[in-house]
Colleague: 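Dumping the structure here so I can ask a few things about it.
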Amino acid sequence: MKIGIVCYPTFGGSGVVATELGKELALKGHQVHFITYTQPIRLDFFNENLFYHEVNISSYPLFQYPPYESALAGKMVDVVKYEKLDLLHVHYAIPHATSAFLAKQILKEEGIDIPVVTTLHGTDITVVGKDATYKPMVTFSINHSDGVTSVSDDLRKETFETFKITNEIEVIPNFVDLERFHKQKKDHFKKIICPEGEKLLVHISNFRKVKRIDDIIYTFGELKKQIPAKLLLIGDGPERPKMEKLCRELKLCDDIRFIGKLDAIEEVLSVADLFFMPSEKESFGLAALEAMACEVPVISTNAGGLPELVINGVNGFMSEVGDIADMTKNALFILADENLETFKTNALTRAKEFDIKNIVPQYEAYYRKIIAKVKGLKPELI
Ligand code: GMT
């Protein structure tokens, strides 16, 4: 198949999922065309089936806000037409599903009916999509996609609860590439960060409010009273300055390091003992899955789709949002010498259920189903 993938190319779960999906599809022999405003960060290798088309946004003195949706739709029209795509797969509803609808209508005028699949990732539904400004457009775009998937059952449920949905939504969970994300035998980094054999705790995110990083810092402060430990906060975003200030106020700067954005996260995860994800909302929790693949158990909230990933008392623990005392108690339990190895083994066992090799065929089958629906054919003929 020839597939066009539209996503946010910067750091963020939806872009990571879209890029990893595209790479795997290309390895399986499909032709994949990324349509984004800059090169996706994980599009880091050459393959004869991978193509990248940059959306050019020309400016004009009249535009205080350059019309990105129109530029994107225009690029989609161009790529579908000249690369003869079979399907467009857009990740994150805003504004990608809307631009795809526009592109589809334009192409129809030229006799091309391009099937459009929209994947809902999380905040496009649970945070931004709910905003009255975007809600009508999100509802319309979901209902007018030829196919819609969501990354967890919980997100599917919340989509039906939040919007007037007349379309079907299929759940295809996120996945992890176990060839990249596995425990590596490199411990020089751990020796530098934890010279006295301290336990190493890690969090990775885009440092948005929804991630509740202050809860991690407070939990760490409590935990530190009981055992020697270090905390690495990886990523960057709007909350970082406030979190740095909080560390200073709590006098935890010697034990907490802000690393910033990092590509080789698997190297850090390989030496971590615990991963924190205390989010207020989290449709899936891809970063937690990547941690589990590197044998790192997870302390999370029971928000959104996290219960579909974390098994309480097996590969981690879940607490109510903001329950610092419970998270501290659970973290200490996991980190106890007699428990840690079992939790680590269980984390990997669980991660294997989300192996990219098992999940990508679900997307391929779904693409066939949607192309067949649009073209009026049987899926086995695609
Ligand atoms: O909030 C983020 O981390 C970024 C956001 C995105 O769309 O880029 O992530 C969402 O999509 C990820 C991939 O499907 C999910 O793993 C995250 O759980 C989800 N984030 C939230 O729901 C807050």
Side-chain angles (χ1 to χ4, degrees), residues 5-22 24 36-38 40-42 89-97 117-131 134 138 148-159 161-162 169-177 181 203-213 215-216 233-240 261-262 265 275-293 298 300-310 318 321 350-351 354 356 359-360 362-363:
I5 292 186
V6 178
C7 64
Y8 283 103
T10 49
F11 282 83
S14 61
V16 169
V17 170
T19 313
E20 295 295 345
L21 171 64
E24 182 68 12
T36 52
Y37 59 77
T38 186
I41 47 153
R42 285 213 190 166
H89 185 179
V90 302
H91 293 258
Y92 207 88
I94 309 166
H96 302 149
V117 169
T118 298
T119 290
L120 310 174
H121 278 273
T123 49
D124 46 352
I125 298 300
T126 59
V127 182
V128 204
K130 270 188 179 152
D131 185 305
Y134 298 113
V138 171
V148 185
T149 72
S150 80
V151 299
S152 66
D153 248 338
D154 185 80
L155 183 62
R156 178 181 184 276
K157 206 167 129 250
E158 186 153 353
T159 308
E161 282 165 6
T162 312
I169 302 178
E170 180 144 327
V171 177
I172 303 183
N174 285 337
F175 48 80
V176 63
D177 179 358
F181 287 92
H203 169 77
I204 305 173
S205 78
N206 45 25
F207 281 55
R208 291 195 220 137
K209 230 183 162 74
V210 73
K211 303 290 174 184
R212 295 184 67 102
I213 298 170
D215 285 356
I216 301 175
L233 295 171
I234 301 172
D236 213 326
E239 288 288 285
R240 181 166 168 184
K261 290 177 181 170
L262 186 73
I265 45 178
F275 188 85
F276 273 119
M277 187 170 268
S279 311
E280 185 165 340
K281 290 175 187 293
E282 198 68 61
S283 68
F284 182 86
L286 181 66
L289 173 59
E290 291 178 341
M292 282 158 47
V298 173
S300 79
T301 47
N302 54 13
L306 286 168
E308 294 167 50
L309 185 63
V310 180
M318 292 176 290
V321 174
R350 181 70 172 144
F354 298 89
I356 191 168
I359 308 293
V360 169
Q362 294 182 32
Y363 274 111

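Only a predicted model underlies this, so the values are computations on that prediction, with no experimental measurement involved. As the structure lists them, so they are numbered: ligands from 1, and atoms in each ligand from 1.
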Colleague: Looking only at distance, does Lys211 have an N or O less than 3.5 Å from an N or O of ligand 1?
Modeller: yes
Colleague: Identify, by atom number and element, the atoms of ligand 1 in contact range of Thr123, meaning under 4.0 Å from any of its heavy atoms.
Modeller: 23 (C)
Colleague: Under a 4.0 Å N-O cut-off, is there an ion pair linking Glu308 with Lys157?
Modeller: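 Result for this pair is no, no salt bridge flagged.
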Colleague: Is the closest N or O pair between Gly15 and ligand 1 shorter than 3.5 Å?
Modeller: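 It does not: no N or O of Gly15 is found under 3.5 Å from an N or O of ligand 1.
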Colleague: Can you tell me if Thr126 contacts ligand 1 (heavy atom of the residue under 4.0 Å from the ligand)?
Modeller: no
Colleague: Using side-chain hydrogen bond (donor to acceptor under 3.5 Å, both in side chains), reason through His96 and Thr118 one step at a time and then give a plain yes or no.
Modeller: CA-CA 8 Å; His96 302 149; Thr118 298; over 6 Å; no
Colleague: Could you tell me which atoms of ligand 1, counted from 1 in the order shown, lie closer than 4.0 angstrom to a heavy atom of Gly12?
Modeller: 8 (O)
Colleague: Heavy-atom contacts with Val151 under 4.0 Å: which atoms of ligand 1 show up? List them by number with element.
Modeller: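 Result: 14 (O).
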Colleague: Drop me the distance from Asn174's CG to Ser150's OG, to the nearest 0.5 angstrom.
Modeller: 9.5 Å
Colleague: Are the side chains of Val176 and Met292 in touch, meaning some heavy atoms are under 4.5 Å apart?
Modeller: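 Contact flag for Val176/Met292 side chains = no.
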Colleague: Could you check whether Glu170 pairs with Arg156 (Lys NZ or Arg NE/NH1/NH2 to Asp/Glu carboxylate O, under 4.0 Å)?
Modeller: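 Looking at Glu170 and Arg156, the cut-off is not met.
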Colleague: May I ask you to check if ligand 1 and Ser14 share an N or O to N or O distance below 3.5 Å?
Modeller: yes
Colleague: For the 3.5 Å polar cut-off, considering only N or O atoms, please tell me whether Gly13 and ligand 1 meet it.
Modeller: yes
Colleague: Just to check, does Gly285 reach to within less than 4.0 Å of ligand 1 when the distance is taken from its heavy atoms?
Modeller: yes
Colleague: If the cut-off is 4.0 Å to any non-hydrogen atom of Leu286, which atoms of ligand 1 fall inside it?
Modeller: 16 (O)
Colleague: Please identify which atoms of ligand 1 are closer than 4.0 Å to at least one heavy atom of Ser283.
Modeller: 15 (C), 17 (C), 18 (O), 19 (C), 21 (C), 22 (O)
Colleague: Under 4.0 Å from a heavy atom of Lys281: give me the atoms of ligand 1 that qualify, with their elements.
Modeller: 23 (C)
Colleague: Do Arg212 and Glu282 pass the salt bridge (charged side-chain N to carboxylate O under 4.0 Å, His left out) test, and can you show the C-alpha distance, the side-chain angles, and the key distance before you say yes or no?
Modeller: CA-CA 11 Å; Arg212 295 184 67 102; Glu282 198 68 61; over 6 Å; no
Colleague: Roughly how far apart are Ile359 CD1 and Phe354 CZ, rounded to 0.5 Å?
Modeller: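 These two atoms lie 7.0 Å from each other.
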Colleague: Ring-plane angle category for Tyr37 and Tyr8, please: parallel below 30°, perpendicular beyond 60°, tilted otherwise.
Modeller: perpendicular
Colleague: Does a side-chain heavy-atom distance below 4.5 Å link Thr123 with Lys281?
Modeller: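 Counting from C-beta outward, Thr123 and Lys281 never come under 4.5 Å.
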Colleague: If you count the atoms of ligand 1 from 1 in the order shown, which ones are under 4.0 Å from a heavy atom of Gly122?
Modeller: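 So the answer, numbered in order with elements, is 22 (O).
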Colleague: Could you list the atoms of ligand 1 found under 4.0 angstrom from a heavy atom of Tyr92?
Modeller: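 What qualifies from ligand 1 is 7 (O).
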Colleague: Can you tell me which portion of Asn206 lies within the under-4.0 Å heavy-atom range of ligand 1? Options are side chain, backbone, both, or neither.
Modeller: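 Side chain only; the backbone of Asn206 stays clear of ligand 1.
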Colleague: Output the distance between atom NE2 (His91) and atom CG (Leu21), rounded to the nearest 0.5 Å.
Modeller: 5.5 Å
